[in-house]
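Step one of this worksheet: look at the structure below.
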4 protein chains.
Amino acid sequence: MADKKSKREAIIYSALKIFERDGFHKAKVEEIAKEANVGKGTIYEYFKSKKDLFCQMVKHMMDLYIDMIKEIVEENIDPITKLQHLLNLQLELAKKHGALGHMIQIETIKSGIGKDIKPYFLEFRKKTIGLIEKIIEEGIEKKLFKKIDTYVAALFFIGSSNQFAFEINFVRNCKDEYDHEGKLDVEEFMNAFLKGLIK
Amino acid sequence: MADKKSKREAIIYSALKIFERDGFHKAKVEEIAKEANVGKGTIYEYFKSKKDLFCQMVKHMMDLYIDMIKEIVEENIDPITKLQHLLNLQLELAKKHGALGHMIQIETIKSGIGKDIKPYFLEFRKKTIGLIEKIIEEGIEKKLFKKIDTYVAALFFIGSSNQFAFEINFVRNCKDEYDHEGKLDVEEFMNAFLKGLIK
Amino acid sequence: MADKKSKREAIIYSALKIFERDGFHKAKVEEIAKEANVGKGTIYEYFKSKKDLFCQMVKHMMDLYIDMIKEIVEENIDPITKLQHLLNLQLELAKKHGALGHMIQIETIKSGIGKDIKPYFLEFRKKTIGLIEKIIEEGIEKKLFKKIDTYVAALFFIGSSNQFAFEINFVRNCKDEYDHEGKLDVEEFMNAFLKGLIK
Amino acid sequence: MADKKSKREAIIYSALKIFERDGFHKAKVEEIAKEANVGKGTIYEYFKSKKDLFCQMVKHMMDLYIDMIKEIVEENIDPITKLQHLLNLQLELAKKHGALGHMIQIETIKSGIGKDIKPYFLEFRKKTIGLIEKIIEEGIEKKLFKKIDTYVAALFFIGSSNQFAFEINFVRNCKDEYDHEGKLDVEEFMNAFLKGLIK
DNA sequence: CATGAATGAGAATTCATTCAT
DNA sequence: AATGAATGAATTCTCATTCAT
């Protein structure tokens with residue numbers, strides 16, 4: 001944590017933790033500083049403002065996420081397994097970072113920081129969708145998938161896997177208050193996604 | 001706006017508008033009051049606190065939403081058309097109320113108001129999923145759908161239709177910054193949902 | 001409570017109760033109204049403002065108090081018994097009205113209502129002291145008391161009997177937290193007052 | 001005012017001044033801040049709330065007062081002179097701090113902060129009375145005073161000296177409106193206290 | 001560079017007072 | 001005359017940001 005870069009990162013990860021838990025407005029700069037073991041003033045040496053810190057944190061996480069998807073896309077495995085890996089990644093991240101993704105989406109729409117992260121978010125979304133499309137295109141080329149619109153399919157995958165992750169990581173944690181007891185595992189999900197509803 | 005009930009409703013709808021745009025924390029009670037054409041103090045005649053107003057608004061919207069889905073479920077049409085109507089409803093609401101649903105989801109998870117709306121949210125989610133499951137069960141009974149886990153299918157529908165609505169209503173509004181030009185219509189979506197990816 | 005006068009009085013007595021318990025600033029007009037079984041607006045038919053209500057209430061109580069002392073002064077008994085009756089009155093009122101007297105004294109000094117009740121308070125004080133002086137003068141004339149300065153003696157009586165009343169009515173109610181277990185009765189007090197400390 | 005401790009004290013003394021003048025409820029935190037030449041927020045760095053500030057101030061003053069009485073009790077002079085010094089102290093403080101003592105008494109009884117300072121007040125009262133009792137016991141031992149109940153005598157001294165101080169410092173300042181022109185000096189008071197009324 | 005004490009703009013909330021009914 | 005819904009001025013408290021050390 002001695003050199004400049006790692007202190008910046010320490011702050012980013014503390015910010016991640018606090019923003020994740022409290023959302024942008026409820027999060028306190030002082031708590032982020034405490035979490036990072038730095039003084040409150042130090043944060044302002046590395047970031048222009050709370051908003052800037054939030055945006056930098058978001059960018060950082062987006063970049064990491066994109067890298068992780070890229071890795072999967074470039075793996076030497078069949079497209080279906082790639083989608084399965086992607087789903088696993090989603091579940092894992094949701095477990096680690098809660099609804100960070102949703103939060104970013106929301107903050108993008110809301111007034112306030114929206115205008116500052118919108119371009120990054122759109123760029124990120126484009127990249128993510130593009131990478132998923134690649135997997136699907138590969139499946140189409142290999143005659144595994146039908147000639148579906150890859151963009152629609154990608155949206156489909158993102159939306160349903162998010163919902164799936166939310167169900168597993170949040171809703172299922174409120175057992176006392178909730179009670180669906182189905183299997184709800186990855187296989188089940190992939191099956192629905194790949195084969196559709198119709199007989 | 002003369003009687004007591006409609007003033008309460010006027011405030012709820014102003015709250016909806018402002019919370020939708022700004023989120024819970026950034027929203028100012030004073031602005032909600034102005035929007036409703038009432039004095040700041042009047043809000044506190046009808047609601048205990050800003051948090052209470054938020055929760056009442058959320059409950060109100062959830063009830064309306066549940067009623068709308070119920071209506072669709074009870075329509076005298078085949079299950080596939082029902083799903084299509086549901087998707088249309090989703091798109092319409094997303095257009096009108098932006099990411100309200102997402103916001104509620106987020107606020108439910110985050111510290112702060114979370115504990116106050118969690119029970120309502122879970123109840124709401126249970127009802128919504130239950131209603132969609134009904135449609136799917138009906139499809140299975142009528143031998144239209146395969147014997148899929150109805151819970152998984154419902155989650156699937158919710159997640160992907162949300163994503164679809166988000167794409168259409170938010171992302172496509174940022175044309176300058178974004179540029180996918182596929183069809184992306186309801187038919188395309190239903191097709192993907194019903195038939196799956198695999199050839 | 002039908003006629004105008006009794007409604008005014010009902011409000012005064014409700015005000016008394018609430019001001020007594022909460023003091024001027026913490027007392028709420030609405031609560032006084034509720035206590036008096038009248039609407040909030042009705043209070044403003046009878047009193048110009050909260051401050052005015054407070055002052056009228058104070059005046060009312062002062063007048064009653066003066067009447068009660070007068071009655072004692074005019075009783076056909078010896079001066080020492082008169083003083084004893086006065087002390088009993090003090091104890092009784094303290095029991096009924098808590099530290100109302102102290103509160104009026106305080107509010108008289110503090111900024112705010114001070115300037116409005118100061119003249120009444122000073123007038124009241126003058127009368128009270130004057131009446132007590134009368135008793136003492138009577139005692140001096142009847143050769144029961146020494147030729148003490150009646151003004152000083154009156155102050156003495158007021159101060160010490162207040163303290164006595166406070167001890168009995170407030171401090172002794174906090175038994176758990178306090179623990180003097182002396183006799184502390186009226187006789188003891190009168191003895192100290194009349195005979196002094198010195199052997 | 002450079003070090004932390006003295007800034008806390010500066011705030012305490014500003015609070016003293018404003019609370020003294022306005023009472024707890026009418027006093028504004030902002031004005032206390034201005035008086036102390038600090039920002040409004042600074043007060044909240046040192047005290048949890050307005051109520052906390054009030055209580056800390058009260059405790060501070062009580063401690064100072066107790067120290068001053070202790071000093072008198074330990075002086076190497078006869079008990080009567082000690083009581084005279086105590087009376088002088090009372091007069092001096094009343095001149096400096098108005099009815100602070102009364103105010104504390106009132107706020108202790110009233111709902112609101114009452115429950116927070118009651119224990120301190122009772123402790124303080126116990127100590128004060130205890131110290132005065134010591135002086136009186138000493139007088140009894142030295143055969144100067146008769147075998148009076150020391151507790152009653154102490155209450156007597158406190159009550160009457162308070163009244164005396166109030167008369168001199170407050171009532172006499174309203175000359176235009178008031179007009180008793182007796183001697184009313186310390187000697188007169190001591191005389192009444194020591195020798196009583198009866199011939 | 002790093003810090004955290006100091007700041008004050010800004011927000012939620014309260015409540016005396018008004019006024020249409 | 002009586003009411004209480006509506007109001008907004010006023011107040012406490014929070015917290016992002018600054019800046020002297």
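In the text below, chain A, chain B and the rest are named by the order of the sequence lines, each starting its count at 1. This is a predicted model, so every value here is computed, not measured.
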For [X] and [N], what is the distance between atoms [atom1] and [atom2] respectively, to the nearest whole Å?
| X | N | atom1 | atom2 | answer |
| --- | --- | --- | --- | --- |
| D/Asn37 | E/dG8 | CG | C1' | 15 Å |
| C/Glu45 | E/dT17 | CD | C1' | 13 Å |
| D/Phe47 | F/dT14 | CZ | C1' | 18 Å |
| B/Glu31 | E/dA12 | CD | P | 11 Å |
| C/Leu53 | E/dT17 | CG | P | 10 Å |
| C/Ile32 | F/dG4 | CD1 | P | 16 Å |
| A/Lys50 | F/dC15 | NZ | P | 8 Å |
| A/Arg8 | E/dC1 | CZ | P | 14 Å |

Exercise. Once you round to the nearest 0.5 Å, how far does OH of D/Tyr46 lie from NZ of D/Lys7?
Worked result: 5.0 Å
Identify which nucleotide among [options] has an atom closest to any side-chain atom of [X], counting heavy atoms from C-beta outward.
| X | options | result |
| --- | --- | --- |
| C/Tyr46 | F/dT7, F/dA2, E/dA5 | F/dA2 |
| C/Lys28 | F/dT7, F/dT17, E/dC15 | E/dC15 |
| C/Val38 | F/dT3, F/dA6, E/dA2 | F/dT3 |
| C/Tyr44 | E/dT17, F/dA10, E/dC15 | E/dT17 |
| C/Lys7 | F/dC15, F/dT3, E/dT3 | F/dT3 |

Exercise. With a 4.0 Å cut-off on heavy atoms, is B/Ala33 in touch with a base, just the backbone sugar-phosphate, or nothing at all?
Worked result: nothing
Problem set entry | Residue mapping more 5' on DNA chain F - nearest nucleotide basis, A/Gly41 or C/Lys40 | C/Lys40
Exercise. What is the ring orientation for A/His60 with A/Tyr13, classed by angle as parallel under 30°, tilted 30 to 60°, or perpendicular over 60°?
Worked result: perpendicular
For this session: Take the angle between the ring planes of C/Phe54 and C/Phe19 and call it parallel below 30°, perpendicular above 60°, tilted in between.
Result: perpendicular
For this session: For the pair B/Lys50 (side chain) and B/Phe24 (backbone), establish whether a donor and an acceptor sit closer than 3.5 Å, ignoring hydrogens and angles.
Result: yes
Exercise. Quick one: which of D/Arg21, D/Lys26, D/Lys17, D/Lys40 gives a side chain to side chain donor-acceptor pair (under 3.5 Å) with D/Glu31?
Worked result: D/Arg21
For this session: Let me have DNA chain F in dot-bracket notation, would you? Count Watson-Crick plus G-U wobble pairs, both distances under 3.5 Å, and use [ ] for pairs crossing earlier ones and | for inter-strand partners.
Result: .||||||||||||||||||||
